[in-house]
Amino acid sequence: MAFSVTTWNINSVRLRLPQVLQFLDSASPDVLCLQETKCPNDAFPSAAFRKAGYEHIAIHGQKGYHGVAIISRLPLSDDRRQTYCDIDHTRNISAVVAAPGARRIRIHNFYVPAGGDEPDREINPKFAHKLDFIEEMRCLHADAEQAEGISSILVGDLNIAPLETDVWSHKQLLKVVSHTPIETENLIAMQRDGAWVDLIRAHIPPEEKIFTWWSYRARDWEAADRGRRLDHVWSSADLLPSLTRVDVLREARGWERPSDHVPVTAHFDF
DNA sequence: ATGGTAGTCACACTA
């Protein structure tokens, strides 16, 4: 039985509702995780998602900034919202999805702080926040609920491109926030400590460049192709044998009024 | 070396 989950930093769910509905209509994932919804909970366009067949919705939003959501065709339960670094940004939500074959999977959806421009925690509090956030994520383990028979998937905009092939130029980005050694090392340490498997890289070899984000500021994003892989799909090791493919929908960056991030979908066969 | 664009919310802030 097929199962799929998508992560997408949508940069305003209300502004881009038509694009999201078009994506759901064509790609038809079982679960859609959004980041940067920029939408207070009482203004979330839930009715439009229900109408599209996604009746199970868990949201965590605030006015103006941040905001995450899990939108699902399959039942969700035990939804949780966690605060990181004692700062009440809406950057995390998780829920258990009832996947095919009586499988239960907790989906953790994250929007990690971007970290500002200066990669120095002493002078840039936003960068300090980002590093502290990643550090706090270290205690999240993929096998945390294994004893209860619950597998784990972690998705989101982690705002870090860890590998050399996750950016258009490793050398030119070494001092640019998102690809500095302290960030990439901490992210990889967090992945290792939590026993997470990087599903994008399980499907697309690490030698191959792959990006999920292209800046709005480029004159021609496609020609320049100065992208970064900031969006991630990780899982507990038990799900890896069931992974069939991962799709990075590059063409979505060229849609009308696009997000600067594209949807990434992991497909499983259970 | 700088500034380029996008979104929210109504002035600057964040990315």
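The chains referred to below are lettered A, B, ... by the order of the sequence lines, with proteins before strands, and numbering in each begins at 1.
- For the ring-ring contact (aromatic ring centres under 6.0 Å, His included) condition, the pairs that include at least one residue of residues 19-41 of chain A, sequence neighbours left out, are A/Trp8-A/Phe23.
- With sequence neighbours excluded, the residues that form a side-chain hydrogen bond (donor to acceptor under 3.5 Å, both in side chains) with A/Asp260 are A/Trp213.
- Among residues two or more places apart in sequence or in another chain, the salt bridge (Lys or Arg N to Asp or Glu O under 4.0 Å) test is passed with A/Arg14 by none.
- The cationic atom of A/Arg228 (NZ for Lys, CZ for Arg) does not lie both less than 6.0 Å from the six-membered ring centre of A/Phe211 and within 45° of the ring axis.
- By the salt bridge (Lys or Arg N to Asp or Glu O under 4.0 Å) test, A/Arg104 is found to be paired with no residue, residues two or more places apart in sequence or in another chain being considered.
- Only A/Tyr216, A/Arg217, listed by number, bring a heavy atom of residues 210-231 of chain A to less than 4.0 angstrom from any atom of DNA chain B.
- Atoms CZ (A/Arg91) and P (B/dT14) sit 11 Å apart, rounded to a whole Å.
- Of the residues in residues 110-125 of chain A, those placing a heavy atom less than 4.0 Å from an atom of DNA chain B are A/Tyr111, A/Ala114, in numerical order.
- For DNA chain B, the residues of residues 62-71 of chain A within the heavy-atom distance limit of 4.0 Å (strictly under) are A/Lys63, A/Gly64, A/Tyr65, sorted by number.
- Among residues two or more places apart in sequence or in another chain, the side-chain hydrogen bond (donor to acceptor under 3.5 Å, both in side chains) test is passed with A/Gln19 by none.
- Checked against salt bridge (Lys or Arg N to Asp or Glu O under 4.0 Å), A/Asp120 has no partners two or more places apart in sequence or in another chain.
- In this structure, CG of A/Asp260 is placed 13 Å from P of B/dT8, rounded to the nearest angstrom.
- As a whole-Å value, the separation of A/Asn159 CG from B/dT14 P is 14 Å.
- If you measure from atom CD1 of A/Ile160 to atom P of B/dA15, you get 14 Å, rounded to the nearest angstrom.
- Spacing between B/dA15 and B/dG3 at atom C1', rounded to whole Å, works out to 15 Å.
- Atoms CZ (A/Arg257) and P (B/dA6) sit 9 Å apart, rounded to a whole Å.
- Remark: C1' of B/dG7 and NE2 of A/His261 are 13 Å apart, rounded to the nearest angstrom.
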Enumerate donor-acceptor pairs with a distance under 3.5 Å from any side-chain N or O in residues 185-193 of chain A to protein atoms, sequence neighbours excluded.
residue	atom	partner	partner atom	Å
A/Asn186	ND2	A/Ile182	O	3.4
A/Asp193	OD2	A/Arg138	NH1	2.8

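- Nearest-nucleotide positions on DNA chain B for A/Lys126 and A/Lys38 put A/Lys38 closer to the 5' end.
- Ring orientation note: the planes of A/His232 and A/Trp234 are nearly perpendicular, at an angle over 60° on the 30°/60° scale.
- With sequence neighbours excluded, the residues satisfying ring-ring contact (aromatic ring centres under 6.0 Å, His included) with A/His170 are A/His179.
- For the pair A/Arg103 and A/Phe270, the cation sits on the ring face: its NZ or CZ lies under 6.0 Å from the ring centre, inside 45° of the axis.
- Across the protein-nucleic acid pair, A/Glu36 atom CD and B/dC13 atom C1' stand 13 Å apart, rounded to whole Å.
- With both ends at atom C1', the span from B/dT14 to B/dG4 equals 16 Å, rounded to whole Å.
- Along DNA chain B, the nucleotide nearest A/Asp157 and the nucleotide nearest A/Ser12 are compared for position; the residue whose nucleotide lies closer to the 5' end is A/Ser12.
- Residue contacts for A/Arg253: at a heavy-atom cut-off of 4.0 Å it reaches no nucleic acid atom on any strand shown.
- A/Asn9 places its CG atom 11 Å from the C1' atom of B/dG7, with the value rounded to the nearest Å.
- Among residues two or more places apart in sequence or in another chain, the salt bridge (Lys or Arg N to Asp or Glu O under 4.0 Å) test is passed with A/Asp30 by none.
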